[in-house]
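What follows is a single structure, written as structure tokens, with notes after it.
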Amino acid sequence: MTDLENFLNNLDEKLNINQLDAINHKDGPALVLAGAGSGKTKVLTIKIASLIKNKKCGTNELLALTFTNKASKEMIFRISQILSSKLDFPWMGTFHSISYKILRINSELLKGNYNSNFSIYDPTDQLKIIKNIIKINDLDLNKYEPAKIRGKIDSLKNSLLYDEWEFEDDKEEQIIKTYQSKLESLNAMDFGDLILKFYELLTINNNFKERIQKLFKYVFVDEYQDTNIIQFRLINIISNPDKNLFAVGDEDQSIYGWRGANIENILQFKKFYPDTKVYKLEQNYRSTPQILNVSNHLISNNSERLEKNMWTENVKKENVKLWSFDDDREEAKHVAKEILKNLNVFKYEDIAVFYRTNAQSRVLEEELRKANVKYKIYGNISFYERSEVKDCISFLKFIINPDDEMAFDRIINLPPRGLGKKTVEKIKNISIQENENHYKSLINIIEGDILSKKIIKSLEVLRNCIEDFKKNLNEFSSISESFEKFLIDLGYFDYLKDDDKLGNVSEFLNYIAEFELSSETNDISDFLNSLMLSSSTDDMIDSSSFVTLMTVHLSKGLEFPCVYVVGIEEGLFPHSRSMYSTSEIEEERRLCYVAFTRAISSLNLSYCKMRRMFGSITYASMSQFLDEIIECDDLEEINVMFESTSNERVFHYKFGNGFIDTNDNDNFEDVVTVVFDSGAKKKVFVSDLEEIE
DNA sequence: GAGAGATGTATTTTT
DNA sequence: TACATCTCTC
């Protein structure tokens, strides 16, 4: 018996023949096509565990790239469980966090002004810098829209090396190149840079490349269908020359095309790696046959696919339900009511509500709160995007990276201490003249007695607080305590006043304290960047008791016994912005497929005829995706029965006689709900109604 | 220079 | 609607 067979025989977990095949894969490139709920994490973790167990490689010689931090944490946990020992996998993580780690260690190899304390700029920071450049160069903000330029920068970074970039015109080139050199001078990188700079290093520094190639004996990539071109090229270099690349993915779940993900990476895998062994996991262990059947039906309308047929041995339960409503308010009310009704079958944490756009969460939130349903919304504004938390982050960023002008701008007059726009410009100019970082110039100004007494006095406050912070940090080495004292001394708490904001700051301090407990480095830079690179689902706790609300995008990789997918309307899902090309429609369909396949035993779909969007009313019809599945035997259409709640008789020129429904207390202006004698319940304009005696 | 209030404008998905 | 930016007043 081989080591591997021996290892597998002693496992508690049962594996099917295809899963076994994939795990038995010897060296060389492998592509595992793992459909939704087919046990891909099981295959990945057992595969990795067997390599470690049989001493094929060490835990630090294995690169495993996941889509979220949560996924990598879970993998590490499960591998440790299989091998019954707590293991550390330093190179298991998201593309961004692994690239960050590599760049930080090798920062001296980077071109330009970079050092290991570089800052990471988020999309908001990007936009600010771009706007500023356009203004300074006196260009038309309408012709060169900052958001579009940012999109262009991101897509360039997702696909090409810096010197391969091409531009629309000279002005665009000027803006983008200025942006790039600005980031370099500020010792800062955006998300795209993190991966592109790692890749660039591999292409220009042979020594570095060989070191990396030697370090990683095996390369694993999860969610391969959502890798972009640069990630593909990066993986390709790293997994050479042995090509021990083990990629796991599902082309039907590729939903990040708009972010540069290139579905061809998985569709053409065999072309790129001719020796590839392909393994297919087609048995679904998650969902009922009804849910799977409806999902299969839907996705079969796509053409950008590999051949794959999902099936299940699970027992039949309830049919997939399709509800229709007059408007989003009713839909939300219904979801709240159903959740309460189902609490004898499902617990709060078993239930999830998915929607296409973040804006849809508002009505749901209101109705769930009214109905006393406990819920948690993921995504939307993430914690670190709140202004007071951004303030705190900027203080820390500026302290460790005094080149960071974004952070400097934010905190130089915070809390307000009499420094205006003009003064700040002066300080920056001095910094440029002296060719020093902003903090050094600030000290030079104080010591050299340049600028007015008033200004120097207020600069001194900031400097003293920063110096005290550094001193405290050295003495007590507690970031959270030193930082709290810093904020008190600076008068930041007094300035905030607002209880919610103060609460958020103290939560931020707790975050730091937690980080200090769990990390051995105790490094502020590491803390800040782990915060920037974390996703909203990373700290999801399975056992906490509330209903989960999130966009379909965020739901990838998760599963829930009971799922509601709301707002499946033409123009919303598929979204109106993606209705111009078949390939974009196909991505929307995959998105819908992802939503459906999260469900374990109960799947509830719904759409509305009318929806409130940005204050005005829009009308919509059932999504084409619903058209595609409506004939399915496992789908059940349900009509909500209405009862009128008033005696006010009215006549409508088109719909005839009916009663006004006063149950619906949140009618729009000029619009009222009427239950007509035909049984239909409709929202109509008051001006179209006549009172009947 | 600070803060309140008015005005205007853009609204997909996110590491 | 909601958020950023501009304008006005103190």
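From a predicted model like this one, the values you see are computed outputs, not experimental measurements.
- Comparing the C1' positions of C:dA4 and B:dT13 gives an interatomic distance of 22 Å, to the nearest angstrom.
- Among the nucleotides B:dT12, B:dG1, B:dT15, the one closest to the side chain of A:Thr357 is B:dT12.
- The two residues A:Ile266 and A:Asp250 make their nearest non-hydrogen contact at CD1-N, 3.9 Å.
- One finds a side-chain N or O of A:Asn358 lying less than 4.0 angstrom from the OP1 or OP2 phosphate oxygen of B:dT14.
- Comparing atom distances between the A:Pro416 side chain and each of B:dT14, B:dT15, B:dA2 picks out B:dA2 as nearest.
- Atoms CG (A:Leu127) and P (C:dA4) sit 11 Å apart, rounded to a whole Å.
- For the pair A:Asn158 CG and B:dT14 P, the computed distance is 16 Å after rounding to whole Å.
- Taking a 4.0 Å limit (strictly below) on heavy-atom distances, residues 564-584 of chain A reaches DNA chain B at A:His575, A:Arg577.
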Under 3.5 Å, which donor-acceptor pairs do the side chains of residues 547-554 of chain A form with other protein atoms, sequence neighbours left out?
| unit_1 | atom_1 | unit_2 | atom_2 | d |
| --- | --- | --- | --- | --- |
| A:Thr551 | OG1 | A:Leu554 | N | 3.3 |
| A:His553 | NE2 | A:Ile255 | O | 3.1 |
| A:His553 | NE2 | A:Trp258 | NE1 | 3.2 |

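- OP1 or OP2 of C:dT5 lies within a sub-4.0 Å distance of a side-chain N or O belonging to A:Lys131.
- For the pair A:Gln126 CD and B:dT14 C1', the interatomic distance rounds to 12 Å; values are reported in whole Å.
- Put simply, CG on A:Asn529 is 13 Å from C1' on B:dT15, counting in whole angstrom units.
- Atom CZ of A:Phe77 sits in a sparse spot, with 12 or fewer heavy atoms from other residues, nucleotides or ligands closer than 6.0 Å.
- For A:Met189 and B:dT15, the CE to C1' distance is 16 Å, given to the nearest whole Å.
- When heavy atoms are screened at a 4.0 angstrom cut-off, A:Lys556 is found touching no nucleic acid atom at all.
- Between A:Phe118 and A:Tyr100, the ring center distance clears the sub-6.0 Å criterion.
- Between the side chains of A:Glu588 and A:His575, no donor N or O sits under 3.5 Å from an acceptor N or O.
- Taking the six-membered ring where the residue is Trp, the centroids of A:Phe508 and A:Phe527 are separated by under 6.0 Å.
- Looking at heavy-atom distances under 4.0 Å, A:Asn413 makes contact with sugar-phosphate atoms alone, never a base.
- For B:dT15, the OP1/OP2 oxygens have no side-chain nitrogen or oxygen of A:Thr68 closer than 4.0 Å.
- Rounded to whole Å, atom P of B:dT14 lies 13 Å from atom CD of A:Glu587.
- Between A:Arg356 and A:Met532, the residue anchored closer to the 5' end of DNA chain B is A:Arg356, taking for each the nucleotide with the nearest heavy atom.
- Contact record, A:Ile230 with A:Lys157: CG1-O, 3.4 Å, taken as the closest heavy-atom pair.
- Summarising the geometry, the separation between CD1 on A:Ile120 and P on B:dT15 is reported as 13 Å, rounded to the nearest angstrom.
- Here the C1' atom of nucleotide C:dT1 and the CZ atom of A:Arg329 are 13 Å apart, to the nearest Å.
- A donor atom on one side chain and an acceptor atom on the other are not found under 3.5 Å apart for A:Tyr199 and A:Asn236.
- In this structure, A:Trp258 packs face-to-face on the six-membered ring of B:dT13, meeting both the 5.5 Å centre cutoff and the 30° plane limit.
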